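Some notes on the structure that comes next.
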Amino acid sequence: MPERRAPGYHGRVIRLLDHLKTRGLSNREARAALTSGKVWVSGVPTADGGREVDPASVAVRMQAPRITVGRDVVVLWRDPHLAVVWKPPGMLAVPAPRRSGPNVLEVAGRVLGSALPVHRLDEGTSGLMMVARTPAAQTAIKDLLERHAVERRYLALAVGRLRDDPVTVRSNLVRDRGDGLRGSGQGPGKEAVTHLRTVSRHGDIAMLEATLETGRTHQVRIHCAEQGCPLLGDPLYAPRGVAARSPRLALHAAVLGFEHPLEGGTLRFEAPLADDLAIGLRQAR
């Protein structure tokens, strides 16, 4: 199976709306295509005409089903064993007790015929999520995750500066650090390892890349906060003023890569920063 790698941004860049006009779309047609999910950048639909793109990464799919970008679950890739989907912010990844409304697993299952959980993203997080389509694939993918054989990278918008940059954060995460919240501490817990680096700065906002070795609950949020860089929109681990600066958790699952556990071959997916976070970052500039 060949590697599936989203096009990189190695050439010239242009505002997406301007690029669509060079392809013969009027301003009205371009905006209509964007809002209905017909424009894809690096394999992911976008409605953000103001983002800068490499033209080679842009695909206009006029026959694609109409969607509301940023609200709907999108199946980006599938085979008989597994699928990779784009999770919108504000939607649960899997069913939760005493919670109603759709979740990613349920929606993906309707599209794919079946969808079994292998990992999850926080409700406020956007980006790439994997689901299994068969019990055999579910077992095989969980084994990959337990062996830390899945590449998982996140982009996060935070306030502050890392104490060291880049830095590897290694800690013992406990359920209650003393104030009822998860965090690094003594006692029974689980090892959590995150590699953090600053990608860019925009005033007092830093865009951080977090690469996971382990996948513990709230791991990125906790480690960023403990390094002096709480995430925008984080109601648990950020000061109130930082949490209020974003309507949702500013965390995006940007890269997912792994060896196919049943067919072999490398799969690697990259999802550009979600529209709402990209727009917020431009406003911060």
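The model shown is predicted, which means the values in this text are computed figures rather than measured ones.
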Is there a salt bridge (charged side-chain N to carboxylate O under 4.0 Å, His left out) between Asp122 and Arg221 once you walk through the steps? CA-CA 10 Å; Asp122 287 343; Arg221 299 162 63 179; 2.9 Å; yes
Are the side chains of [X] and [Y] in touch, meaning some heavy atoms are under 4.5 Å apart?
| X | Y | result |
| --- | --- | --- |
| Met207 | Thr198 | no |
| Met129 | Trp86 | no |
| Met91 | Pro88 | yes |
| Tyr237 | Pro230 | no |
| Val131 | Leu105 | yes |
| Leu34 | Leu17 | yes |
| Val104 | Leu92 | no |
| Thr46 | Pro272 | no |

Please check if the number of heavy atoms outside Arg28 that lie under 6.0 Å from its CZ is greater than 12.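 No, the 6.0 Å shell around CZ holds no more than 12 heavy atoms from other groups.
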Return yes when atom CZ of Arg161 has more than 12 non-hydrogen atoms of other residues, nucleotides or ligands closer than 6.0 Å, and no otherwise. no
Please report the C-alpha distance between Leu236 and His218 in whole Å, then the side-chain angles of each, then the deciding distance to 0.1 Å, and finally whether the side chain to side chain contact (heavy atoms under 4.5 Å, CB included) criterion is met. CA-CA 10 Å; Leu236 295 180; His218 299 172; 3.6 Å; yes
Can I get a per-line list of side-chain donor-acceptor pairs under 3.5 Å for residues 134-141, giving both atom names and the distance, sequence neighbours left out?
| unit_1 | atom_1 | unit_2 | atom_2 | d |
| --- | --- | --- | --- | --- |
| Thr134 | OG1 | Ala137 | N | 3.1 |
| Gln138 | NE2 | Pro117 | O | 2.9 |
| Thr139 | OG1 | Pro135 | O | 3.2 |

Atom pair [atom1]/[atom2] of [X] and [Y] - distance to nearest 0.5 Å:
| X | Y | atom1 | atom2 | answer |
| --- | --- | --- | --- | --- |
| Gln227 | Arg163 | CD | CZ | 5.5 Å |
| Thr68 | Asp72 | OG1 | CG | 5.0 Å |
| Ser184 | Glu226 | OG | CD | 3.5 Å |
| Leu208 | Leu231 | CG | CG | 7.5 Å |
| Ser171 | His223 | OG | NE2 | 3.0 Å |
| Ile279 | Arg51 | CD1 | CZ | 8.0 Å |

Any idea which heavy atoms bring [X] and [Y] closest together, and the distance?
| X | Y | answer |
| --- | --- | --- |
| Arg197 | Pro166 | CB-CB, 3.9 Å |
| Ala192 | Arg216 | CB-CG, 3.8 Å |
| Leu76 | Leu128 | CD1-CD2, 3.4 Å |
| Leu145 | Val118 | CD1-O, 3.2 Å |
| Glu123 | Lys87 | O-NZ, 2.9 Å |
| Leu25 | Ala33 | CD2-CB, 4.3 Å |

[X] side chain to [Y] main-chain N or O, any donor-acceptor pair under 3.5 Å?
| X | Y | answer |
| --- | --- | --- |
| Lys38 | Ala64 | yes |
| Arg61 | Trp40 | no |
| Asp18 | Lys21 | no |
| Arg133 | Asp79 | yes |
| Asn172 | Gly185 | yes |

Give me the ring orientation class for Trp77 and Phe269: parallel if the planes are under 30° apart, tilted from 30 to 60°, perpendicular past 60°. tilted
Salt bridge between [X] and [Y], side-chain N to carboxylate O under 4.0 Å?
| X | Y | result |
| --- | --- | --- |
| Glu146 | Lys142 | no |
| Arg147 | Asp143 | yes |
| Asp48 | Arg282 | yes |

Can you give each donor-acceptor pair under 3.5 Å made by side-chain atoms of residues 238-248, sequence neighbours left out, with the distance rounded to 0.1 Å?
| unit_1 | atom_1 | unit_2 | atom_2 | d |
| --- | --- | --- | --- | --- |
| Arg245 | NH1 | Asp204 | OD2 | 2.8 |
| Arg245 | NH2 | Asp204 | OD1 | 3.1 |
| Ser246 | OG | Arg248 | N | 3.3 |
| Ser246 | OG | Arg248 | O | 2.6 |
| Arg248 | NE | Asp276 | OD2 | 2.8 |
| Arg248 | NH1 | Gly124 | O | 3.1 |
| Arg248 | NH1 | Ser126 | OG | 3.4 |
| Arg248 | NH1 | Leu251 | O | 3.2 |
| Arg248 | NH2 | Ser126 | OG | 3.0 |
| Arg248 | NH2 | Asp276 | OD1 | 2.9 |
| Arg248 | NH2 | Asp276 | OD2 | 3.4 |

Grouping I, L, V, M, F, W and Y whenever their side-chain heavy atoms are under 4.5 Å apart, do [X] and [Y] come out in a common cluster?
| X | Y | answer |
| --- | --- | --- |
| Val220 | Val193 | no |
| Leu273 | Leu232 | yes |
| Leu249 | Val94 | yes |
| Val74 | Leu256 | yes |
| Leu157 | Tyr154 | no |

Please determine whether side chain to side chain contact (heavy atoms under 4.5 Å, CB included) holds for the pair Arg78 and Leu112, giving the CA-CA distance in whole Å, both sets of side-chain angles, and the decisive distance to 0.1 Å. CA-CA 8 Å; Arg78 72 182 84 180; Leu112 299 167; 3.9 Å; yes
[X] and [Y]: side chain donor to acceptor below 3.5 Å:
| X | Y | result |
| --- | --- | --- |
| Ser42 | Glu270 | no |
| His252 | Thr125 | no |
| His195 | Thr211 | no |
| Thr214 | Glu191 | no |
| Thr194 | Gln219 | yes |

Mind running salt bridge (charged side-chain N to carboxylate O under 4.0 Å, His left out) on Arg31 and Glu29 for me, showing each step along the way? CA-CA 6 Å; Arg31 292 187 182 279; Glu29 290 170 336; over 6 Å; no
Stepwise, does the side chain to side chain contact (heavy atoms under 4.5 Å, CB included) test hold for Arg182 with Arg177? CA-CA 6 Å; Arg182 297 175 186 269; Arg177 63 189 184 184; over 6 Å; no
